[in-house]
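Please read the structure below before turning to the comments.
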2 protein chains.
Amino acid sequence: MHTRRRYHHGDLRAALLTRAEETLREKGPTALSLRELARDLGVSHAAPSRHFKDKQALLDALALTGFDRLDERMSASLKEAGESFAERMKAAARAYVDFATANAELLDLMYSIKHDPKASEELIAASQRWTRQTLNLIAEGQRRGEVREGPLERVGIGVFSTLHGYATLAASDSLPPDVRAEGLDELVAYILRGCAPEKPRQTA
Amino acid sequence: MHTRRRYHHGDLRAALLTRAEETLREKGPTALSLRELARDLGVSHAAPSRHFKDKQALLDALALTGFDRLDERMSASLKEAGESFAERMKAAARAYVDFATANAELLDLMYSIKHDPKASEELIAASQRWTRQTLNLIAEGQRRGEVREGPLERVGIGVFSTLHGYATLAASDSLPPDVRAEGLDELVAYILRGCAPEKPRQTA
DNA sequence: TCACCTTTGTTGTCATTGACAGCATTGTTG
DNA sequence: CAACAATGCTGTCAATGACAACAAAGGTGA
């Protein structure tokens with residue numbers, strides 16, 4: 001174990017991000033202090049600046065790892081899901097909601113950073129990648145004839161809004177707890193009704 | 001005009017909230033400083049503490065005014081809306097989305113505060129009041145036979161999620177701009193499909 | 001091997017901030 | 001008009017983010 005006696009930490013950048021996320025989770029975003037992070041990692045108070053120009057830069061990077069992990073979870077969940085649109089949507093919903101509840105503060109960070117006019121390009125790209133991944137689900141469903149036709153943005157926006165809204169509400173503890181657990185099935189059913197093909201008698 | 005020569009400001013508390021919201025809107029939440037607020041209002045750096053024990057207390061109060069205004073806008077919008085569920089839902093959606101885009105950072109504050117385990121009771125109450133107001137729309141629709149039956153939480157949760165998600169996404173600039181403007185109608189249509197009665201042939 | 005350069009940490013410093021304590025002024029009420 | 005409460009002020013402190021100047025480690029090429 002590197003007993004912190006070494007001048008060079010080894011991977012301070014990663015360590016900072018990890019510890020920062022713990023702090024974020026445990027004590028909220030306002031309690032996150034660069035100096036405290038440094039202390040926790042046994043490093044001088046200015047060391048973090050070598051890896052993050054700014055406190056904001058650290059937060060950006062943190063949000064970025066959030067999107068990466070969200071993408072990852074989502075992909076994994078979809079990989080295991082069946083082929084039908086219903087199954088895939090349910091898998092996606094579960095992945096998103098699970099992530100949101102397990103990383104409430106992080107999710108908040110991921111989206112609140114967008115308010116900043118000069119948000120890092122990487123971050124915006126990551127966010128859009130994530131959005132597109134979800135919208136792809138819809139396109140897929142359309143190809144299978146299980147989702148009504150129409151431009152992707154129009155059809156997908158409702159679905160994406162619903163998923164995001166539910167996840168956000170769950171994360172911010174704004175849902176009655178009993179609903180949250182078992183409500184996913186109902187939510188998916190609602191989504192499916194919302195984007196079902198115009199002529200209901202398409203699928204067997 | 002009170003030229004700030006007076007020892008007592010008159011209504012420092014309200015002034016602080018007003019100015020705080022401006023700063024929040026213009027420079028984001030991290031830039032909000034009690035001392036700067038005090039300076040702006042021509043008041044000593046410790047004066048705000050007479051009205052807000054804490055920075056957090058100010059933020060809580062700010063979020064509270066947000067919920068109040070949101071309720072207000074929503075009520076006003078509904079008062080002018082027609083009777084049908086479709087019309088009322090559309091009015092609600094427009095009110096929420098308008099509020100969200102016009103007060104993006106504030107909305108963020110309103111919901112992010114919930115993460116705090118010891119969020120003020122008032123704030124939680126306000127949030128729940130707002131949720132209930134929206135859910136009432138659903139109940140109303142059910143009474144009119146324009147919304148499928150079932151426990152309110154189950155039926156309403158999807159609708160509320162969709163509204164909240166769309167508003168949040170719009171506020172955080174995560175929607176393609178062209179979609180945002182004209183997409184409300186489509187969104188409402190999607191919502192209506194999602195909560196339509198099981199037997200479509202109910203209404204003439 | 002060793003001189004050089006780059007990366008990564010370190011120490012020192014500064015202005016700003018939030019919080020608190022103690023005092024001053026004003027307004028109110030009996 | 002004399003308490004007294006409400007509101008504001010000055011002073012101070014520790015913590016913080018940012019920056020500058022310096023130091024150690026880790027290559028890299030002659």
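In what follows, chains carry the letters A, B, and so on, assigned in the order in which the sequence lines appear, proteins first and then strands, with residues in each chain numbered from 1. As the structure is a prediction and not an experimental result, all values here were calculated from the model.
Applying a 4.0 Å cut-off to non-hydrogen atoms, the residues of residues 44-57 of chain A that approach DNA chain C are Ser44(A), His45(A), Ala46(A), Ala47(A), Arg50(A), His51(A), listed by residue number.
With rounding to whole Å, Arg39(B) atom CZ is found 7 Å from dT16(C) atom P. Atom CG in Leu59(B) sits about 10 Å away from atom P in dG18(C), given to the nearest Å. Atom CG in Leu16(A) sits roughly 12 Å away from atom C1' in dT8(C) (whole-Å rounding). We find that CG of Leu32(A) is positioned 17 Å from P of dA15(D), with the value rounded to whole Å. Between the C1' atom of dT16(C) and the CD atom of Glu36(B) lies a distance of 10 Å, rounded to the nearest Å. Taking atom CG of Leu34(B) as the reference point, atom C1' of dG18(C) lies 7 Å away to the nearest angstrom.
The shortest distance between the side-chain N/O atoms of Arg35(B) and the OP1/OP2 oxygens of dT10(D) is not below 4.0 Å. Proximity of Arg13(B) to the phosphate of dG8(D): no side-chain N or O atom is located under 4.0 Å from OP1 or OP2.
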* To do: Show your working on side chain to side chain donor-acceptor pair (under 3.5 Å) between Tyr96(A) and Thr134(A) and close with a plain yes or no.
  => CA-CA 10 Å; Tyr96(A) 197 7; Thr134(A) 310; over 6 Å; no
* Step by step, work out the side chain to side chain donor-acceptor pair (under 3.5 Å) result for Asp60(A) and Gln56(A). => CA-CA 6 Å; Asp60(A) 281 13; Gln56(A) 189 59 48; 3.0 Å; yes
* To do: Show the numbers, then the answer: is there a side chain to side chain donor-acceptor pair (under 3.5 Å) between Thr162(B) and Tyr190(A)?
  => CA-CA 10 Å; Thr162(B) 307; Tyr190(A) 161 86; 2.9 Å; yes
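Atom CD of Glu22(B) has more than 12 heavy atoms from other residues, nucleotides or ligands within 6.0 Å. The environment of CD in Glu122(B) is sparse: at most 12 heavy-atom neighbours from other residues, nucleotides or ligands sit within 6.0 Å.
Counting non-hydrogen atoms under 4.0 angstrom, Leu37(A) reaches nothing in the nucleic acid. Contacts of Leu58(A) with the nucleic acid, taken as non-hydrogen atoms under 4.0 Å apart, are absent.
When Phe99(A), Tyr111(A), Trp130(A) are each tested for a ring-ring contact (aromatic ring centres under 6.0 Å, His included) with His164(A), only one passes: Tyr111(A).
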